[in-house]
Structure formats: C-alpha cells, structure tokens
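What follows is a set of notes on a single structure, which appears directly below.
Hydrogens, waters and symmetry mates play no part in the numbers below; they use all other heavy atoms, side chains included. First listed ligand is number 1; within each ligand, the first listed atom is number 1.
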Amino acid sequence: MTDRATRVPAVVAGFRERFGTAPRVFSAPGRVNLIGEHTDYNDGFVLPMAIAERTYVAAAPRSDDTVRVYSRELKKDRSFKLSDAWARRGKWLDYIEGVARALAARGVNVRGADVYVTSEVPLGAGLSSSAALELALGLAFNTLGGGDLTPRDLALVGRAAENEFVGVRSGAMDQLASALGREGHALFIDCRSLEVTPVRLPLDDVRFVICDTGVRHSHASNGYNERRDECQRALALLQRAGRAVQSLREVGVEELDALQRILPEPLVRRVRHVVRENARTSAAVDALKRGHLAAFGRLMNGSHASLRDDYEVSAPELDFAVALAQREPGVIGARMTGGGFGGSAVVLVDGADVENLFESLARGFTEKFGRAPGLRLAMASDGVREEPTAGA
Ligand code: ADP
Ligand code: MG
C-alpha cells in the first residue's frame, strides 16, 4: 500500500522511461474474500472486500495495431498484434490479450497501445492480482478506445478474459470486487443474479489482517479447475437422480444427509462444503449487520475447517497460520482466503491485539517454515478508476 500522491507520478515516470510519451493511468484493487469460498462458480454467495493494494496500468495509444506491454513485476516486455489470429500462450500475456480481445468482442474499438503494468498486489497470493490486472487494463483499453462500458461490464469482460483466454474457469467474484469495491465496505455478491450489495464493516475496534504464506499458486495450472469439474459432475449426478436443480446453490443444508446415497466420495464432501459455505456466508452478512462479530468469527473458523477437510484446497502453511492465529488473544476468527493451494489467510482481530498477532505469526511461522510470512492490514477500498495525472 502506497500513498496515491506519490504512486501515480512513479507510474508515469516508469512509463515515460520505457516508451517516452505521457500516458493515462488506471488502477484497480486486489481483494480479500472474508467468507464464501469456491461458491462463486456454483452461483452462490461471497463476501469480498477490495483492498488498498492496487495494480496500475499506464497506457498511451499507438498509431499501429500493436499492443506492447511491460510488466514491472516480471521485468518482461512482450507484444502482440490485434490483427493477428489469437493463440493461447500459457503465459501472463494471455491476461493482456484476453482483456483486449474480450473487449473487442463486446464492440469496444480496441486500439494499439503501449502499456506499462505495475502491481502492489502480490502475484498468486490469493489476493487476486489477476482481477486487478484485468480491471485496470479493461478500463485503460475501454477509455483509450472511447468505449462506454461500466465497471460492472468490465468485471464481466475480465471474467471472460480469464475463462476463455487464460483458461481459468473462475467465477465473477474477484472481478466484481475489483470493479465495485467501496471504502469501508465489504460486498455481498449473489453470484447467480450478480447483484452486489455493499455491507458496511464495523471496523472501529477490530481489524482484518492478511497473512501471506508465500506459497505461490497459479490458478492457470492447479486444482482449481479440478474442483470446478467435481462440482459439475456432482450436479449432473443430482440431476440424473431426479433433483430439479440448476446449480449447487439450490441445494439446501437439510438435504445433505440424503445426498450421501446419491453422491460418491469425494463429491459428497465437495457439495457439503459448497452448501454449508453458502449458508455460512448469508449468516455472516447477518452477523455483520447486527454487529455480532463473535458470530462472524465462528463462521470464518467453520469456513476454514470446511475448505481444509471437505473441499481440500488448503495447504500446510495455511492450516498452520490459521491454527496459530486462532489461539492468539483477541483473535475473533481466521481462515484461508482465495482459491487456495497456498496464498493467504485472513484474520479478524481486536485492534488492540494486532501488534501481538503480527509478532506471533512472524515468529511461529518462521520457526516452522524457515521464512517470514507477509503481514498486512486489509483496508476496504474503492474499485477500478482512472487516476488523475495532472502534475505527474
Ligand atoms: P491471484 O489472482 O490470486 O494473484 P492468479 O493465478 O489468479 O493468482 O493470477 C496470477 C497471474 O496473473 C500471474 O501468474 C500473471 O500471469 C498474472 N499477473 C497478475 N499481475 C501481473 C503483473 N503485474 N504483471 C504480469 N502478470 C501479472
Ligand atoms: Mg486470480
């Protein structure tokens, strides 16, 4: 997290150094999901918040149809021509090209551009650097091309880029959070209707802490799509057994016992996670609205156990950090966050105990794994925007 007033000039300077011209600058936040994991692609409920860490895209039009892009994180310079046929590369450029082509498919006049990307959101840490990139880039291409897509439209473009071009069959949570984040609020999202409801966070006395285990996943190449397949197979079995359901979201908690006769292992546990996680997420929003933080924390703890045991997407480093946090004074709840297989945990803690929690996590994690975790406070922030560059 850096001050906007110093950040934007640095991005402009980085662009100038590479491309020699003056860019416009766009940014979009990463997100931390507070509860509702692996429910988005099952048409269920999620509760993310956009965070202060952002991805910045500086861009200026070119006279040809080449998109040339530099990533400061990867220290790589790549380009493609919009007029060439598309082919998946299996690399980060797929995100860039995916956004450009998904926008063009929606009628935006995407033009050649020089693009400079830099991110405060760590890559592959479960904080959605991919959606932050898609949204900042989407707004950049849309604006340079004179398009009129809304942040919500851009979220769906980002999802299409990820689904169709990168090949990660993600739901819409990350992109909607990065598009529509609001300072001081989490977003309750119904992933069937895509209705987004800001929920004020009662953060006077408590804080959300993010603990990045440093274990890096790439959703383009891991068990994420496998879990999605399992959910689809489970749904097909339920339909074949005569259940009139279009998605796992329509399965009720009270039906779970009966499903044991229909679904084999591990599908029965996958469905149990999704169904209970939806119920937990609805209950969590209720708890927030009533200011019942202890109840919210218990739901976070339940979510972690379910992701670890039933959905099996946690990792030893995540389980360790969560268990350690849950024993510390002032901790109200803790869970892994994001798609899993590494990445980050999120902890709800009394404000007075934040310092102790940082110290305990740093010490305990380092003793166990020989390296320090990344620790930061999560600040609920605004979504995608163009940054003013006057004077930069
Ligand atoms: P997460 O979204 O949790 O960070 P993903 O695997 O979904 O993890 O997305 C990470 C991928 O997104 C990276 O491996 C890279 O391909 C791409 N990416 C994100 N940010 C950048 C960036 N600043 N520069 C280049 N590629 C990026
Ligand atoms: Mg991602």
Side-chain angles (χ1 to χ4, degrees), residues 7 10-11 14-15 18 25-33 37-38 40-41 46 48 50-51 53-59 67-80 88-100 115-138 140 155 158-163 165-179 210-225 227-228 313 315 318 336-346 374 376 378 384:
R7 188 72 189 159
V11 173
F15 181 94
R18 290 210 79 80
V25 177
F26 307 85
S27 78
R31 63 96 189 94
V32 59
N33 190 22
E37 214 66 76
H38 287 275
D40 62 346
Y41 54 80
V46 295
I51 55 177
E53 289 78 2
R54 307 180 75 86
T55 294
Y56 291 83
V57 165
V67 173
R68 186 161 166 215
V69 51
Y70 176 75
S71 162
R72 184 154 177 272
E73 282 59 54
L74 303 181
K75 304 205 171 6
K76 282 190 178 137
D77 188 340
R78 294 283 180 275
S79 63
F80 63 92
R88 183 173 293 156
R89 295 174 167 84
K91 300 224 163 72
W92 66 283
L93 196 62
D94 289 345
Y95 288 88
I96 313 291
E97 200 167 348
V99 170
V115 179
Y116 174 93
V117 177
T118 181
S119 182
E120 299 162 350
V121 187
L123 278 59
L127 303 178
S128 203
S129 68
S130 60
L133 174 61
E134 289 151 17
L135 268 292
L137 198 63
R159 178 175 65 170
E162 198 146 336
N163 289 178
F165 295 88
V166 178
V168 179
R169 293 156 64 207
S170 55
M173 164 171 69
D174 299 352
Q175 291 83 3
L176 284 168
S178 185
I210 297 171
C211 173
D212 177 4
T213 63
V215 180
R216 291 294 173 255
H217 63 262
S218 157
H219 285 152
S221 62
N222 68 19
Y224 190 97
N225 285 346
R227 288 296 174 279
R228 228 189 133 140
V313 291
L318 285 170
M336 57 158 276
T337 183
F341 306 102
S344 299
V346 58
R376 64 185 90 213
V384 66

Report task. Determine, using ring centers only, whether F15 and Y56 are less than 6.0 Å apart. Result -> no
Query raised in the report: To the nearest 0.5 Å, what is the distance between CD (Q175) and CD (E134)?
Result: 5.0 Å
Report task. Report yes if some N/O of T118 lies less than 3.5 Å from some N/O of ligand 1; otherwise report no. Result -> no
Query raised in the report: Non-hydrogen atoms of L123 versus ligand 1: any pair closer than 4.0 Å?
Result: yes
**Report entry** Gap between atom CE of M173 and atom CG of D40 - 0.5 Å precision
**Finding:** 5.0 Å
Query raised in the report: Are S128 and ligand 1 in contact, using a heavy-atom cut-off of under 4.0 Å?
Result: yes
Query raised in the report: Would you call F165 and R88 a side-chain contact if the rule is heavy atoms closer than 4.5 Å?
Result: no
Query raised in the report: Just going by heavy-atom distances, which of Y56, F341, Y70, W92 is nearest to atom 16 (O) of ligand 1?
Result: W92
Query raised in the report: Name the one of T337, D174, T55 that satisfies side chain to side chain donor-acceptor pair (under 3.5 Å) with S128?
Result: D174
Query raised in the report: Roughly how far, to the nearest 0.5 Å, is the CH2 atom of W92 from the CG atom of L123?
Result: 10.5 Å
Query raised in the report: Are any N, O or S atoms from S170 nearer to the Mg ion (ligand 2) than 2.8 Å?
Result: no
Query - S71 N/O to ligand 1 N/O under 3.5 Å - result: yes
Query raised in the report: Against heavy atoms of L74, which atoms of ligand 1 measure under 4.0 Å?
Result: 25 (C), 26 (N)
Requested in this report: Please could you name the atoms of ligand 1 that G124 approaches to less than 4.0 Å, counting only its heavy atoms?
Outcome: 1 (P), 4 (O), 8 (O)
Report summary line: Here the gap from C211 atom SG to L318 atom CG, rounded to the nearest 0.5 Å, amounts to 8.5 Å
Report task. With heavy atoms of L133 as the reference, note each atom of ligand 1 found under 4.0 Å away. Result -> 18 (N), 19 (C), 21 (C), 27 (C)
Query - Those atoms of ligand 1 less than 4.0 Å from some heavy atom in S119 - result: 23 (N)
Query raised in the report: Could you give the distance from CD (E53) to CD1 (I210), rounded to the nearest 0.5 Å?
Result: 6.0 Å
**Report entry** ligand 1 atoms in contact with G126 (distance to a heavy atom under 4.0 Å)
**Finding:** 3 (O)
Requested in this report: Report yes if K91 has an N/O atom closer than 3.5 Å to an N/O atom of ligand 1; otherwise report no.
Outcome: no
Query raised in the report: Purely on distance, is any nitrogen or oxygen of E73 under 3.5 Å from one on ligand 1?
Result: yes
Requested in this report: Examine A131 against ligand 1 and note whether any of their N/O atoms are separated by less than 3.5 Å.
Outcome: no
Report task. Supply the atom-to-atom distance L133 CG to S178 OG, rounded to the nearest 0.5 angstrom. Result -> 9.5 Å
